Every structure is written in C-alpha cells, then in structure tokens.
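Because the structure is a prediction, the values reported are computed rather than measured. When a residue number appears, it is its place in the shown sequence, counting from 1.
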Amino acid sequence: QVQLVESGGGLVQAGDSLRLSCVASGRTFSSNAMGWFRQAPGKEREFVARIRWTGDRTRYADSVKGRFTISRDNAKNTVYLQMNSLKPEDTAVYYCAATTEFYSMDPDDYDYWGQGTQVTVSS
C-alpha cells in the first residue's frame, strides 16, 4: 500500500507560479516512478510529467514543456511540480501517482493515486 498526499494548489492569475508537493508513504519501495496528471471537469485525465525515483530521466507533456519542472527529494519521499507561467488552460485537479513502470505516461499503468489538489488559473 502506498499513500500519496498532494498539496500546494490554489487560485492564481495567469502568469503566476505554483509549486505542488506530493508526499508518499507506505510501501514506496514498490514504485519506480512518480507522475503528475491533471483532469479538468468533463475531460479525461491527462499526463503532465513523470520522474523516476532514481536517475535523471524526466518527461513532460508538450503542453507544459518549458513551463513546468518535476523534481524529487528522496529523503522526504516527496515529488514536486513547479509550475511557472501558468495559463487558464492549466486549470484542473492535479493528481500525483505511483507506478512500477519506468517510462509510462498512461494513467492505467499507475497503481496508486492521491486525492488531487485544485489548481485554478484566472485570466
């Protein structure tokens, strides 16, 4: 069992920044990578970013590349999503998730999910 708790969401204006945090606890050794996903009302959940617990490899959705940065603090079992230059289209509930895969961007490959944190970007 892995428990994930997101925090850091809020209401900001376009161009502002937010940093989301996801603290993992429990059997975190069973996961090899962490991902951030987002879901807007009435839309499917979409991939945002992914990072391994080890190594330097990261991946981003084209829509956020150059604006968002995923990072980790292994000692704290925490992953972060630094979001800069936020746009109204970034408005969504953001979820962190854990997977035993190393490269997947598919939500179906992620085994554990947090409850989500709301990010709202006004114009």
Side-chain angles (χ1 to χ4, degrees):
Q1 185 76 29
V2 176
Q3 294 83 45
L4 305 173
V5 180
E6 304 101 331
S7 63
L11 173 62
V12 298
Q13 297 186 28
D16 287 349
S17 298
L18 281 174
R19 189 180 77 160
L20 306 183
S21 299
C22 176
V23 179
S25 61
R27 302 176 68 182
T28 56
F29 59 84
S30 64
S31 65
N32 292 310
M34 298 289 294
W36 285 99
F37 295 80
R38 66 188 183 186
Q39 187 168 24
K43 296 185 177 181
E44 64 184 9
R45 192 165 298 186
E46 66 173 338
F47 168 79
V48 176
R50 185 210 66 229
I51 190 171
R52 294 181 180 183
W53 282 115
T54 60
D56 299 323
R57 193 160 187 169
T58 58
R59 189 170 182 86
Y60 299 91
D62 289 342
S63 59
V64 306
K65 189 175 182 180
R67 299 187 298 120
F68 291 10
T69 302
I70 189 170
S71 61
R72 66 174 188 256
D73 185 336
N74 291 58
K76 297 181 179 179
N77 282 328
T78 301
V79 295
Y80 305 94
L81 186 68
Q82 178 67 46
M83 305 184 294
N84 297 328
S85 301
L86 283 163
K87 305 175 180 179
E89 50 262 45
D90 295 319
T91 295
V93 176
Y94 283 70
Y95 300 89
C96 64
T99 179
T100 58
E101 302 289 335
F102 289 94
Y103 300 99
S104 180
M105 300 177 291
D106 187 346
D108 290 341
D109 289 332
Y110 286 74
D111 304 299
Y112 301 98
W113 295 82
Q115 295 302 302
T117 184
Q118 177 71 48
V119 173
T120 302
V121 184
S122 63
S123 60

*With a 4.5 Å limit on heavy-atom distance, are the side chains of D73 and Y80 in contact?*
yes
*So, do D90 and R67 sit near enough that their side-chain heavy atoms are less than 4.5 Å apart?*
yes
*Between R52 (side chain) and R57 (backbone), is there a donor-acceptor pair under 3.5 Å?*
no
_A33 versus W53, closest heavy-atom pair with distance_ = N-CD1, 4.0 Å
_P107 to R45 - nearest heavy-atom pair and separation_ = CG-O, 4.2 Å
*Close side-chain approach of K76 and S21, heavy atoms under 4.5 Å*: no
*Positive for side-chain contact (heavy atoms from CB on, under 4.5 Å) with M34, one of L4, V2, T99, I70*: L4
*Does W36 reach the side chain of M83, with side-chain heavy atoms less than 4.5 Å apart?*
no
Listed pairs under 3.5 Å, donor-acceptor, residues 6-19 side chains, sequence neighbours left out:
from: E6; atom 1: OE1; to: Q115; atom 2: N; distance (Å): 3.0
from: E6; atom 1: OE1; to: G116; atom 2: N; distance (Å): 2.9
from: E6; atom 1: OE2; to: C96; atom 2: N; distance (Å): 2.9
from: E6; atom 1: OE2; to: G116; atom 2: N; distance (Å): 3.2
from: D16; atom 1: OD2; to: Q13; atom 2: N; distance (Å): 3.2
from: S17; atom 1: OG; to: N84; atom 2: OD1; distance (Å): 2.8

*Applying the 4.5 Å side-chain criterion to the ILVMFWY set and letting contacts propagate, would I51 and V64 be lumped into a single cluster?*
yes
*Kindly indicate, with the supporting measurements, whether the criterion side chain to side chain contact (heavy atoms under 4.5 Å, CB included) is fulfilled by F47 and D106.*
CA-CA 7 Å; F47 168 79; D106 187 346; over 6 Å; no
*Evaluate the criterion side chain to side chain contact (heavy atoms under 4.5 Å, CB included) for residue pair M105 and R59; output intermediate values, then yes/no.*
CA-CA 9 Å; M105 300 177 291; R59 189 170 182 86; 2.9 Å; yes
*Answer yes or no: is there a side-chain heavy-atom contact under 4.5 Å between T100 and D111?*
yes
*Whether Y110 side chain and S104 backbone form a donor-acceptor pair below 3.5 Å*: yes
*Is a side-chain donor or acceptor of T78 paired with a backbone partner of V23 at a separation under 3.5 angstrom?*
no
*asked:* Could you see if V119 belongs to whatever hydrophobic cluster contains Y60? Use Ile, Leu, Val, Met, Phe, Trp, Tyr and a side-chain cutoff under 4.5 Å.
replied: yes
*Please step through side chain to side chain contact (heavy atoms under 4.5 Å, CB included) for the pair L86 and F68, ending with a clear verdict.*
CA-CA 9 Å; L86 283 163; F68 291 10; 3.8 Å; yes
*Is Y112 reachable from L20 through a run of hydrophobic residues whose side-chain heavy atoms are each under 4.5 Å from the next?*
yes
*On the ring face of F37, is R50 found with NZ or CZ under 6.0 Å from the centre and within 45° of the axis?*
no
*Hey, mind stepping through Q118 and T91 against side chain to side chain contact (heavy atoms under 4.5 Å, CB included) and telling me if it holds?*
CA-CA 8 Å; Q118 177 71 48; T91 295; 4.1 Å; yes
